Amino acid sequence: MAKSLVDDIRSYDFVYMLHLMLKVLALTYDLNMALQKKDQDIVSAMKLVGFAKRQLQDMIDSRWNSLIRDVSLFCVKHGIMIPEIDMNYVRGKSKRKKSSVTYSYHLRVEFELDNSLANYDKDKIMKLATHYPNEFTDSMLEDLSFELDIYIDYV
C-alpha cells in the first residue's frame with residue numbers, strides 16, 4: 001500500500017495537480033484575504049472577485065503551456081516520468097484500457113472538470129449538515145438546500 005501511495009505521489013498527474021493548486025491559490029489569495037475581513041468593503045470584494053475570475057480564465061486560456069513547462073521541469077529535477085502530451089491517455093493503471101483522449105486533453109479539460117463540479121454532491125452536504133443540529137435548524141437546512149441549488153447553478 002505504501003509503495004502504491006509513493007507511486008501515486010511520484011506521478012505526473014499528482015505533480016500537475018499540486019502545481020495547478022498552487023497557481024489557483026496564488027491567484028485567489030487577495031480575494032481570500034479580503035473576504036476574511038470583518039469590515040468588508042463589498043465593492044472592493046466584488047472587484048477582487050472579477051479580477052480573480054479574469055486571472056483564472058487567463059491561466060486556462062494563455063498560461064497553460066507555462067504550467068506544463070513548470071510541471072515538466074519539476075518532474076525532470078525529481079526523476080518523475082513525463083508522459084507524451086499528444087499520446088493517448090490511459091485511464092487507471094491498466095494499459096489495456098484504450099482511450100481516444102490525448103494526455104493534453106485529459107490535463108486541460110477532464111482533469112479540471114474532475115476537480116470542480118464532478119465532486120459536488122448536494123445530498124452528501126445536506127446529510128453532513130444534519131449531523132450538526134446545534135448549527136442548522138430545520139429552517140436553516142431548507143435555506144441551505146436552496147442556496148446549494150443556486151450555488152451549483154451559478155458555478
Side-chain angles (χ1 to χ4, degrees), residues 1-36 48-136 140-141 143-155:
M1 181 183 217
K3 181 175 179 351
S4 176
L5 289 174
V6 168
D7 289 344
D8 287 343
I9 290 172
R10 293 188 50 82
S11 72
Y12 189 87
D13 280 359
F14 187 81
V15 173
Y16 174 83
M17 175 57 89
L18 288 180
H19 277 80
L20 181 62
M21 287 172 49
L22 179 64
K23 290 195 183 289
V24 168
L25 289 172
L27 290 174
T28 59
Y29 176 79
D30 289 337
L31 174 61
N32 184 27
M33 292 295 106
L35 293 175
Q36 291 183 39
L48 286 171
V49 167
F51 175 75
K53 284 174 59 177
R54 285 189 303 277
Q55 290 295 309
L56 290 169
Q57 189 62 51
D58 182 55
M59 183 179 78
I60 292 167
D61 294 341
S62 314
R63 293 189 248 158
W64 189 74
N65 289 334
S66 172
L67 174 64
I68 295 297
R69 185 176 50 251
D70 291 347
V71 171
S72 295
L73 289 172
F74 181 92
C75 288
V76 167
K77 180 178 179 181
H78 296 283
I80 297 171
M81 187 186 86
I82 301 171
E84 291 191 39
I85 295 296
D86 296 327
M87 298 299 288
N88 284 357
Y89 172 70
V90 178
R91 297 179 196 284
K93 302 208 185 244
S94 171
K95 302 290 183 204
R96 295 181 189 177
K97 294 181 182 178
K98 298 281 183 183
S99 172
S100 61
V101 172
T102 65
Y103 211 86
S104 175
Y105 182 87
H106 162 69
L107 292 175
R108 192 170 191 149
V109 177
E110 288 182 350
F111 207 73
E112 290 171 18
L113 290 177
D114 285 348
N115 290 286
S116 59
L117 298 180
N119 294 324
Y120 174 80
D121 188 335
K122 177 184 171 186
D123 294 333
K124 287 181 181 178
I125 295 171
M126 293 301 299
K127 184 176 180 181
L128 178 65
T130 62
H131 291 291
Y132 296 91
N134 294 337
E135 301 293 325
F136 294 97
M140 291 171 79
L141 286 172
D143 291 345
L144 177 62
S145 176
F146 180 70
E147 289 170 4
L148 288 171
D149 288 334
I150 292 171
Y151 172 77
I152 193 61
D153 187 51
Y154 175 75
V155 171

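What you see is a predicted model, and the numbers here were worked out from it, not measured in a lab.
- Residues satisfying the side-chain contact (heavy atoms from CB on, under 4.5 Å) test with Y29, not counting sequence neighbours, are M33.
- Across all their heavy atoms, S11 and I80 have their closest contact at C-CG2, 4.0 Å.
- Closest non-hydrogen pair, V15 versus I9, comes out as CG2-O, 4.4 Å.
- Sorted by first and then second residue, the salt bridge (charged side-chain N to carboxylate O under 4.0 Å, His left out) pairs involving residues 56-72 (not counting sequence neighbours) are K23-D70, D58-R63.
- Between Y12 and Y16, the two ring planes are parallel [angle under 30°; tilted spans 30° to 60°].
- One distance of note links CD1 of I68 with CD1 of I82; it measures 10.0 Å at 0.5 Å rounding.
- Looking at residues two or more places apart in sequence or on another chain, you find no side-chain hydrogen bond (donor to acceptor under 3.5 Å, both in side chains) involving N65.
- A 4.5 Å side-chain heavy-atom check between D8 and F14 finds every atom pair outside the cut-off.
- Residues passing the side-chain hydrogen bond (donor to acceptor under 3.5 Å, both in side chains) test with S72: none are found, sequence neighbours excluded.
- By the 4.5 Å heavy-atom criterion applied to side chains, M17 and M21 are counted as neighbours.
- Applying the side-chain hydrogen bond (donor to acceptor under 3.5 Å, both in side chains) criterion to K3, with sequence neighbours excluded, gives D7.
- Using a 4.5 Å cut-off on side-chain heavy atoms (C-beta onward), L67 and M59 make no contact.
- Minimum interatomic distance between L27 and A52 (heavy atoms only, all atoms of both residues): O-CB, 4.4 Å.
- Residues L141 and M126 come closest through the heavy atom pair O-CE, 3.2 Å.
- Not counting sequence neighbours, K77 has no partner by the salt bridge (Lys or Arg N to Asp or Glu O under 4.0 Å) test.
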